[in-house]
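These values consider heavy atoms only, across backbone and side chains, with no hydrogens, waters or symmetry-generated copies. Whatever order the structure lists them in is the order used to number ligands and atoms, beginning at 1.
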Amino acid sequence: MNAARAPLNADLHSHSNRSDGTLEPAALVRRAHEQGVQMLALTDHDELGGLCEAAAQAARLGLRFVPGVEISVSWGGETVHVVGLGIDPHCAELAEGLARTRAGRDERAREMAAQLAAAGIPGAYEGACRHVANPQLISRTHFARFLVEEGVCRNVGEVFERYLSEGRPGYVAHRWATLAQAIGWIRAAGGTAVLAHPGRYRLGRTALHAMIEEFRALGGEAIEVVCGSHSPWQYDEFARCARAFRLRASRGSDFHGPGESRIELGALPPLPHDLIPVWQDWH
Ligand code: AMP
Ligand code: MN
Ligand code: MN
Ligand code: MN
């Protein structure tokens with residue numbers, strides 16, 4: 001096999017314990033390197049605090065590092081995630097926007113705990129906090145880990161199904177950033193906006209396409225095609241979508257930690273060869 005033509009093992013979506021991953025940023029980078037990842041983006045939810053440590057570790061290992069973020073957005077009553085890649089972590093507009101996006105998380109978490117207590121599960125706020133490394137970023141994932149620890153559910157996926165999804169007893173609706181804000185902050189920071197895991201949104205086809213159209217009109221440039229949340233048939237569906245909307249394509253595991261994530265860092269199949277990878281013109 002011609003090594004020069006082997007596709008780059010790029011993993012452009014991952015989390016550390018600065019949001020809802022379980023590994024320290026440096027440990028995440030070491031694991032990516034061990035798994036054969038050649039280009040890694042750390043994309044913590046609404047948070048840039050792990051980027052400096054991750055970049056330093058990547059430099060020590062000679063691994064190409066892409067500073068990233070995953071911004072929580074509300075669109076049409078659904079929560080949508082927008083990944084920013086190649087952002088300047090020192091951009092004030094981005095940092096301030098993210099700080100405002102994070103601000104409501106604690107109150108939301110207390111309300112979630114109140115609802116879980118009413119459903120017969122007391123102490124969830126304190127329990128979730130024991131899993132939180134960054135006090136500004138308490139997420140549903142931390143509640144899920146607490147409920148697994150308590151033996152209420154067998155795994156994190158089951159907690160989401162039974163307690164933390166819309167309509168379930170621990171779910172609290174929340175207003176995140178707008179699509180325009182998220183893309184605006186990413187662009188202000190010199191980054192590329194990528195629509196994360198489009199196959200995960202509970203939007204009908206028409207609404208999904210309207211959202212992608214709006215994403216593109218606002219300056220969004222790429223879409224995740226091969227990602228940890230997609231089934232193999234969705235790789236094809238969103239490859240067609242990338243072609244139809246003339247968007248670049250991204251690949252990312254969305255790794256959150258060993259033993260929890262279905263997909264290991266760098267382990268996904270390559271992008272369909274006719275798509276333009278989001279990293280094509282990066283130097
Ligand atoms: P939050 O930002 O607090 O609403 O939490 C969102 C996070 O929950 C996502 O980034 C995922 O890590 C996790 N999550 C959402 N849905 C599921 C699910 N069905 N199974 C496992 N984890 C999920
Ligand atoms: Mn997450
Ligand atoms: Mn996401
Ligand atoms: Mn993610």
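The environment of CD in E158 is crowded: more than 12 heavy-atom neighbours from other residues, nucleotides or ligands sit within 6.0 Å. Heavy atoms of other residues, nucleotides or ligands lying less than 6.0 angstrom from CZ of R243 number more than 12. More than 12 non-hydrogen atoms from other residues, nucleotides or ligands lie less than 6.0 angstrom from NE2 of H209.
Nearest-residue assignment for atom 1 (P) of ligand 1 (options E161, H174, R108; heavy-atom criterion): R108.
The closest approach of H197 to the Mn ion (ligand 3), by N/O/S atoms, is made by NE2. Nearest N/O/S atom of H15 relative to the Mn ion (ligand 4): this is NE2. For the Mn ion (ligand 4), the nearest N, O or S atom contributed by H13 is named NE2. Note on D254: its N/O/S atom closest to the Mn ion (ligand 4) is OD1. Closest N/O/S atom of E70 to the Mn ion (ligand 3): OE2. Looking only at N/O/S atoms, H81 comes nearest to the Mn ion (ligand 3) through ND1.
At a 4.0 Å heavy-atom cut-off, ligand 1 touches D20 through the side chain alone. The proximity of H45 to ligand 1, defined as any non-hydrogen pair under 4.0 Å, is limited to the side chain.
V226 pairs in a side chain to side chain contact (heavy atoms under 4.5 Å, CB included) with only one of the listed residues (P272, P270, S250), which is P272.
Among all non-hydrogen protein atoms, the one lying nearest atom 19 (N) of ligand 1 is F160 CB, 3.6 Å. Remark: minimum distance from atom 6 (C) of ligand 1 to any protein heavy atom is reached at R140 NH2, 3.8 Å.
When each atom of ligand 1 is checked for a heavy atom of H256 under 4.0 Å away, the hits are 12 (O). Close contacts between ligand 1 and T141 involve ligand atoms 7 (C), 8 (O), 12 (O), 13 (C) [criterion: under 4.0 Å to a heavy atom].
No salt bridge links R240 with D236; every basic N to acidic carboxylate O contact stays at or beyond 4.0 Å. A salt bridge links R31 to E264: one of the charged nitrogens lies within less than 4.0 Å of a carboxylate oxygen. In summary, E221 and R216 do not engage in a salt bridge, as defined by a charged side-chain N under 4.0 Å from a carboxylate O.
Between I87 and L48, some side-chain heavy-atom pair lies under the 4.5 Å cut-off.
Residue-ligand proximity: R105 is placed with a non-hydrogen atom under 4.0 Å from ligand 1.
The Mn ion (ligand 3) does not have H45 among its coordinating residues (no N/O/S atom, backbone or side chain, under 2.8 Å).
Ring orientation note: the planes of Y235 and H230 are tilted relative to one another, at an angle of 30° to 60°.
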Using side-chain hydrogen bond (donor to acceptor under 3.5 Å, both in side chains), reason through D20 and H142 one step at a time and then give a plain yes or no. CA-CA 7 Å; D20 62 349; H142 301 111; over 6 Å; no
